[in-house]
There are 2 protein chains.
Amino acid sequence: MALGLFAERGFDETTVDEIAQAAGLTKRSFFRYFPAKEDAVFGGVDVTGEQVVEDIRARPADEDPWQSLHHVLRQWERQIHASEQTLASLRLIESTPSLHARLYQKRAQWRRHVSDALRDRPGVQLDSFTAELLTNAASAVLDTVSQEWLRSGGTADRAALLDRGFAFLHPAATIRARETAEPHQPGPVRADRGRHS
Amino acid sequence: MALGLFAERGFDETTVDEIAQAAGLTKRSFFRYFPAKEDAVFGGVDVTGEQVVEDIRARPADEDPWQSLHHVLRQWERQIHASEQTLASLRLIESTPSLHARLYQKRAQWRRHVSDALRDRPGVQLDSFTAELLTNAASAVLDTVSQEWLRSGGTADRAALLDRGFAFLHPAATIRARETAEPHQPGPVRADRGRHS
DNA sequence: TCTATCCTGTCACTCGGTGTCGTAAGTTGT
DNA sequence: ACAACTTACGACACCGAGTGACAGGATAGA
């Protein structure tokens with residue numbers, strides 16, 4: 001695995017040629033499997049959480065979207081951050097700027113899917129601004145949890161931090177229009193915009 | 001300016017040699033002025049908002065940190081997004097993955113400074129988790145505003161969107177030790193529909 | 001067995017980025 | 001005015017990531 005080489009010499013100090021040769025391949029063949037050098041790290045780790053998008057779609061339609069995000073991400077946390085290997089990967093990512101940038105790209109793409117999933121749910125319609133705001137906020141919570149977890153040296157309780165973040169950032173009023181939900185009548189989009197106050 | 005070339009042929013399709021030659025320089029000299037090709041775009045735009053950090057430090061110590069972020073960022077919005085040139089830059093950044101990644105790197109660094117500024121204020125002490133959570137949430141609001149603004153084709157009212165985001169994501173209880181109810185900003189936050197055209 | 005397909009190695013090339021050296025300008029001190 | 005020094009730039013070589021094109025070997029199916 002390339003992770004061993006990265007752990008030894010660091011990501012930037014390891015050549016693609018070296019990775020490929022260690023795997024019994026050529027540089028050219030390496031790029032046939034991975035679109036970029038960075039993806040050799042992300043290959044094994046589910047950083048984007050594709051399952052999360054499906055899980056959100058599977059949540060009850062009348063549930064508060066913030067609650068849905070909280071619930072799904074807590075489940076996801078539980079599944080992911082278990083093995084020591086993903087832990088080492090995340091440390092490497094956090095300490096390498098180019099990997100961090102790549103993680104961000106994947107996260108941005110993931111956020112688009114999540115916000116689409118939020119907006120596509122039946123029942124209460126969310127406008128795109130609100131959906132993206134909730135998604136980005138949830139992503140911010142995840143990011144903060146990871147930072148704190150890294151600062152703690154991996155000893156912090158990620159689930160507890162996640163709960164704390166989600167509780168702290170609870171939106172003023174996500175869904176206040178339950179009475180207008182019509183599950184059987186898609187009809188025109190009568191989106192109740194997120195006016196607060 | 002390199003922005004002209006980028007606007008014509010696109011960022012990835014423009015080589016550093018071409019940029020340098022258009023500016024009457026050598027490739028080597030280009031890299032003496034800019035650490036990377038991407039920085040030729042960010043050079044003129046204040047994407048990191050260095051002033052913001054100072055402004056946060058200048059806010060009253062007993063002010064709710066979320067309010068401080070809101071206030072300072074609204075001021076910053078007003079100063080920045082005026083010229084047509086920065087508008088074109090932001091469009092280019094948003095449509096180019098490598099530039100987007102670079103923007104993220106700068107934002108991450110900026111967030112560190114902001115969260116440090118929040119934690120360094122006298123009076124009520126914030127733990128690092130809370131400070132980072134508030135900072136990342138504010139950054140998420142900014143990001144969402146930019147997305148919506150871009151989707152609207154640049155016609156949306158960024159200040160109104162910012163207010164809406166900050167109000168919507170208002171933390172449950174940041175600092176409950178304030179009984180000085182300041183009159184805040186004149187005029188209620190108008191929830192503009194966030195629709196283009 | 002013949003053949004189409006897939007996988008891989010090899011070579012050549014582009015482009016971003018860096019180190020090194022030489023040199024033509026200033027700039028300062030005496 | 002002269003020497004010493006600094007600054008800035010060009011020229012060249014070099015490295016590593018990534019891509020395109022081509023050739024050959026293995027394999028599955030007829």
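It should be emphasised that the depicted structure is a prediction, and the values quoted were computed from it without experimental measurement.
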Strictly below 4.0 Å, N to O, side chains only: are A:D143 and A:R107 in salt-bridge contact?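 Salt bridge: yes.
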
Does this structure show an ion pair linking B:D127 with A:R164, if we count only N-O contacts that are shorter than 4.0 Å? yes

Between A:T14 and B:K27, name the one whose nearest nucleotide on DNA chain D is closer to the 5' end.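 Closest to the 5' end, via its nearest nucleotide, is B:K27.
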
Counting C-beta onward and ignoring hydrogens, is there a side-chain heavy-atom pair between B:V141 and B:F168 closer than 4.5 Å?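 The answer is no; the side chains never approach within 4.5 Å.
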
Select base, sugar-phosphate, or nothing to describe what A:S98 touches, counting heavy atoms under 4.0 Å on all strands. nothing

What is the separation between atom [atom1] on [X] and atom [atom2] on [N], rounded to the nearest whole Å?
| X | N | atom1 | atom2 | value |
| --- | --- | --- | --- | --- |
| B:K37 | C:dT14 | NZ | P | 16 Å |
| B:E13 | C:dT14 | CD | P | 17 Å |
| A:D12 | C:dG17 | CG | C1' | 13 Å |
| A:Q21 | C:dT10 | CD | C1' | 15 Å |
| A:F31 | C:dG9 | CZ | P | 14 Å |
| B:F11 | C:dC15 | CZ | P | 14 Å |

Would you say A:Y33 places a side-chain N or O within less than 4.0 Å of OP1 or OP2 belonging to C:dT8? yes

Taking OP1 and OP2 of C:dG9, is either one under 4.0 Å from a side-chain nitrogen or oxygen of A:S29?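 Yes, because at least one side-chain N or O of A:S29 sits under 4.0 Å from OP1 or OP2 of C:dG9.
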
Going 5' to 3' along DNA chain D, between which two nucleotides do contacts with chain B fall, using a heavy-atom cut-off of 4.0 Å?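 Footprint of chain B along DNA chain D, 5' to 3': D:dC9 to D:dA11.
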
Between atom CZ of B:F42 and atom CD1 of B:I93, what is the distance when rounded to the nearest 0.5 Å?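 If I round to the nearest 0.5 Å, the distance is 4.0 Å.
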
Rounded to the nearest 0.5 Å, what separation is found between the OG atom of B:S98 and the NZ atom of B:K37?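 Nearest 0.5 Å value for the OG-NZ distance: 7.0 Å.
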
Parallel, tilted or perpendicular for A:H70 and A:F166, by the 30°/60° rule?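 Taking A:F166 first and then A:H70, their aromatic rings lie parallel (interplane angle under 30°).
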
What nucleotide, of C:dG9, C:dT20, C:dC15, holds the atom closest to the side chain of B:T15?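 Among the listed nucleotides, the one closest to the side chain of B:T15 is C:dC15.
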
